[in-house]
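Okay, so here's the structure we're looking at.
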Amino acid sequence: MFSRQAMARILITSALPYINGIKHLGNLVGSQLPADLYARYCRARGHEVMFICATDEHGTPAELAAAKAGQPVAEYCAEMHGVQADLARGFGLSFDHFGRSSSPQNHRLTQHMAGRLAEAGLIEEVAEAQVYSPADGRFLPDRYITGTCPACGYENARGDQCENCTKQLDPTDLINPRSAISGATDLEVRRTKHLFLRQSALRDRLDAWIDSQRGWPVLTTSIAKKWLHDGDGLQDRGITRDLDWGIPVRRGTQDWPGMEGKVFYVWFDAPIEYIAATAEWAEAQGLPEDAWRRWWRRDQGAEDVRYVQFMGKDNVPFHTLSFPATLMGADHDGTEPWKLVDYIKSFNYLNYDGGQFSTSQGRGIFMDQALAILPSDYWRWWLLSHAPESADSEFTWENFQASVNKDLADVLGNFVSRVTKFCRARFGEALPEGGAWGAQETALATALGARIAAYEGHMEAIEIRKAAAELRAIWVLGNEYLQEAAPWATIKTDPERAAVQVRVGLNLIRLYAVLSRPFIPDAVETMMAAMGCADWSWPEDAGAALEGLAPGHGFSVPEVLFRKITDEERAGWAEQFAGSRG
RNA sequence: GGGCCUGUAGCUCAAUUGGUUAGAGCAGAGCGCUCAUAACGCUUUGGUUGGGGGUUCGAGUCCCUCCGGGCCUACCA
């Protein structure tokens, strides 16, 4: 953890959303949104932040989605990248760069990494038999082959596992196998050669590295340990595929004999894109190479960088094992010390109303639909305050309505409303003059100081739900103070006392805007604008923060910050989203 | 089959890693306030911590067992 005041350099990456379609809220809360929360908090504390994300564009599903859309895959990916970038902006995701794994930078770097791994003796060529479909003109991944399960007779068993009896299968086990893509039955087995990353050779080193980490989520370490020690231990992993769309297999800048026409597998090139996207950023900014290297190379400035990754639990094996193995292997001779991750924040899944969110079945709420219904802050607040940190969690419309209405509209929004409207009615649209602090104000400052410290602690530990709960408690303090101070009563007997109370109330609005910014970045802009203030400095001292806006400072009454969700709307949306996506 | 996670108030979640009387928010009940988006504040009801057994001075926490929910199991990403 970084200490108070000290400026740190924080590198943050969110797992890359796959290019195949618009992401649902479960995807969003599992990586990009919490990463954004943390990035915004770190910036607010004055740290230097590099927040990177990108679309993950390679692989069979991308090719199939493009074919379905009737587009060339490159065109499809370019278009979908634009769509995802727009939606990311819509949700306020504050990436420093939102790149593409298909970028020239990633091509170069992925090929470079492969070359370094080959030099290190960590790449092995393996010849294997794979199912080829002449009708589709492609090799078929195991689960794109369906047929009758030899164990239970289920007719739509997939080539990797029968969904009916859960038996693990080999595609050649299937009776009457056919292509899941075209239905073609003229499948044949062909020999093909692939590169394997010899992760097994790095097992002990990876194991020791995992052991040396402190405070990682149980979810992260338990998945890593399972893969390291289960069965025969960490298995080598194929890093190439027989596809057209991807990064051509090259050994650095050299051709790789025998690998013509093959591309790297997405799970090799996708994490490397974290680095390449930073290079994309530098180029886009017109900055030289060392601008990105100082984030990624320990010999070129990254020694003091703290690197934090965010991802759903399905991504953990790649980030705890494969990617570190790639970076360790690339530094086999000590000349390329790449920055390894310092903290991996992993998430469970968000379910939707009794089942899973499903991209393929169109079940649940997708990012574009969410924004069409309500502003992003409503979603950000609910998703973050219910982030699936300790277990899978569930979205229900009732819960969403209750949280939005109570937390945002009543506790925070109404606070802003009652303070500004009272002041305007009794003192006019400027902070009133006169009066001095009493015991109530001092007590408020003390309580705020304690809660802000707790909030900071939770944010730095990336305990998101706890941070949200603490922030809400900070909002509540304002209502408690007003109730006790009762300026509507004191103004009748002691107007100067009421003036002090109203000043404190108005200053609380600015304080809340600053503290709440990582969660609800749009609404706090409205709050700050209403306060006529542009000072976003973090409250190092709560008492001082309550006197930041001076007597005489003008303000205005903002529009309703958060409207309530009605029962009719809730019922309508529940109905609308029950079935599959339009 | 194997492994991991999980089960705490009607609902969503805590519980400083074995330490006093298991705590919050929402929902419910009562009271107060009238500045405010019929909002806010205070008080309060509600738990055999899934069942059973064990270790211990002491168990929500550790062990065994049974029951329920979920995830992973390496070619979807």
Side-chain angles (χ1 to χ4, degrees), chain A residues 15-20 27 56 58-62 64 128 130-131 139-145 158-161 166-168 170-171 180 194 199 218-219 221-223 225-227 229-231 234-238 241 265-267 270 312-318 321-322 348-349 351 356 359-360 385-386 388-394 396 398-399 402-403 405-426 463 465-466 468-469 472-473 476 478-489 491 498 501-502 505 557 559-564:
Chain A
L16 307 188
Y18 196 63
I19 195 70
N20 177 19
N27 297 132
D56 176 13
H58 298 134
T60 307
L64 297 180
E128 19 172 54
Q130 286 199 337
V131 174
F139 282 92
L140 298 177
D142 288 358
R143 64 180 66 195
Y144 282 105
I145 303 161
R158 295 190 317 200
D160 56 338
Q161 183 174 34
T166 74
K167 183 178 172 57
Q168 287 187 52
D170 191 85
H194 282 297
Q199 321 184 104
V218 175
L219 187 64
T221 48
S222 66
I223 291 172
K225 285 290 180 180
K226 149 88 170 159
W227 282 55
H229 300 295
D230 189 46
L234 186 61
Q235 301 297 296
D236 293 339
R237 196 173 180 90
R241 291 291 183 275
Y265 177 45
V266 282
W267 268 114
K313 57 186 169 186
D314 50 337
N315 277 327
V316 168
F318 305 101
L321 303 170
S322 306
N348 286 283
Y349 292 143
N351 290 319
Q356 293 189 350
T359 300
S360 58
S385 61
H386 293 80
E389 289 175 298
S390 59
D392 290 354
S393 65
E394 177 160 314
T396 65
E398 290 78 9
N399 193 309
S403 290
N405 289 359
K406 197 69 197 175
D407 300 345
L408 295 181
D410 293 347
V411 177
L412 177 61
N414 181 58
F415 175 79
V416 172
S417 191
R418 67 193 295 204
V419 171
T420 53
K421 286 182 178 173
F422 180 80
C423 186
R424 179 176 63 182
R426 299 310 188 97
E463 292 272 5
R465 282 184 312 205
K466 288 179 183 173
R472 185 191 191 281
V476 166
N479 284 311
E480 290 175 349
Y481 168 77
L482 276 191
Q483 184 65 32
E484 197 185 348
W488 51 88
I491 195 166
Q501 293 165 342
V502 166
V557 176
E559 294 297 306
V560 166
L561 274 183
F562 299 99
R563 70 175 186 83
K564 295 204 183 192

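Heavy atoms only: backbone and side chains are in, while hydrogens, waters and symmetry mates are out. Quick note on labels: first sequence line is chain A, next is B, and so on, each numbered from 1.
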Check every strand shown and say whether [X] touches a base, only sugar-phosphate, or nothing at a heavy-atom separation below 4.0 Å.
X       : value
Y349(A) : sugar-phosphate
R426(A) : nothing
S403(A) : nothing
V560(A) : base
V419(A) : nothing
E128(A) : base

When you compare [N] with [M], how far apart are their [atom1] atoms, in angstrom units rounded to a whole number?
N      : M      : atom1 : value
G23(B) : A14(B) : C1'   : 7 Å
G1(B)  : U17(B) : C1'   : 33 Å
G53(B) : C67(B) : C1'   : 15 Å
C13(B) : A9(B)  : P     : 11 Å
C71(B) : A39(B) : P     : 38 Å
A24(B) : U45(B) : P     : 11 Å
G70(B) : C75(B) : P     : 25 Å
U20(B) : U73(B) : P     : 41 Å

Nucleotide of [options] approaching [X] most closely (side-chain heavy atoms):
X       : options                : value
Q235(A) : G41(B), A77(B), A74(B) : A74(B)
K564(A) : U37(B), A77(B), C35(B) : U37(B)
L561(A) : U37(B), A77(B), C26(B) : U37(B)
R418(A) : A36(B), G2(B), C42(B)  : A36(B)
W488(A) : C71(B), C33(B), A36(B) : C33(B)
P61(A)  : U37(B), A77(B), A74(B) : A77(B)
V266(A) : U37(B), G41(B), A77(B) : A77(B)

Looking at [X], does any N or O in its side chain come under 4.0 Å of the phosphate oxygens OP1/OP2 on [N]?
X       : N      : result
K406(A) : C40(B) : yes
R465(A) : A14(B) : yes
K466(A) : A24(B) : no
R424(A) : A36(B) : no

Determine whether a donor-acceptor pair (one donor, one acceptor, N or O, separation below 3.5 Å) exists between the side chain of Q130(A) and the base of C75(B).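 Such a pair is found, so the answer is yes.
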Note, V266(A) side chain near D56(A) side chain (heavy atom, < 4.5 Å): yes
Does Q501(A) reach the side chain of Y481(A), with side-chain heavy atoms less than 4.5 Å apart?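 In contact.
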For the residue pair [X] and [Y], what are the closest heavy atoms and their distance?
X       : Y       : value
G238(A) : Y265(A) : O-CD2, 3.7 Å
R563(A) : N405(A) : O-OD1, 4.4 Å
Q199(A) : L321(A) : OE1-C, 4.1 Å

Measure the spacing between CG of L412(A) and CZ of F415(A) and express it to the nearest 0.5 Å. 8.5 Å
Between atom [atom1] in [X] and atom [atom2] in [N], what is the gap in whole Å?
X       : N      : atom1 : atom2 : answer
I223(A) : A74(B) : CD1   : P     : 14 Å
N414(A) : C40(B) : CG    : P     : 6 Å
N405(A) : G25(B) : CG    : P     : 18 Å
L321(A) : A74(B) : CG    : P     : 15 Å
Q483(A) : U43(B) : CD    : P     : 12 Å
K313(A) : C4(B)  : NZ    : C1'   : 10 Å
R237(A) : A74(B) : CZ    : P     : 9 Å
K421(A) : C40(B) : NZ    : P     : 15 Å

Counter-base of [N], judged by Watson-Crick or G-U geometry with both distances under 3.5 Å:
N      : answer
U20(B) : none
U56(B) : none
G68(B) : U6(B)
U49(B) : none
C31(B) : G41(B)

Tell me whether the ring of F422(A) lies stacked over the C35(B) base, given a 5.5 Å limit on centroids and a 30° limit on the plane angle.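 According to the criterion (under 5.5 Å, under 30°), no, F422(A) does not stack.
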Comparing A270(A) and F562(A) on RNA chain B - which has the more 5′ nearest nucleotide: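 Nearest nucleotide further toward 5': that of F562(A).
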Tell me which of E484(A) and H386(A) sits closer to the 5' end of RNA chain B, going by the nucleotide each one is nearest to. H386(A)
Just by distance, do the side chain of Y144(A) and the backbone of T60(A) share a donor-acceptor pair under 3.5 Å? no
Can a donor-acceptor pair be found, under 3.5 Å and without considering hydrogens, that links the side chain of E389(A) to the backbone of R465(A)? yes
For U17(B), does the O4'-C1'-N9-C4 (purine) or O4'-C1'-N1-C2 (pyrimidine) torsion place it in syn, i.e. within 90° of 0, or in anti?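 Base orientation: syn.
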Look at the rings of F422(A) and W488(A) and say which category their plane angle falls in: under 30° parallel, 30 to 60° tilted, over 60° perpendicular.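 Perpendicular, since the angle between the ring planes exceeds 60°.
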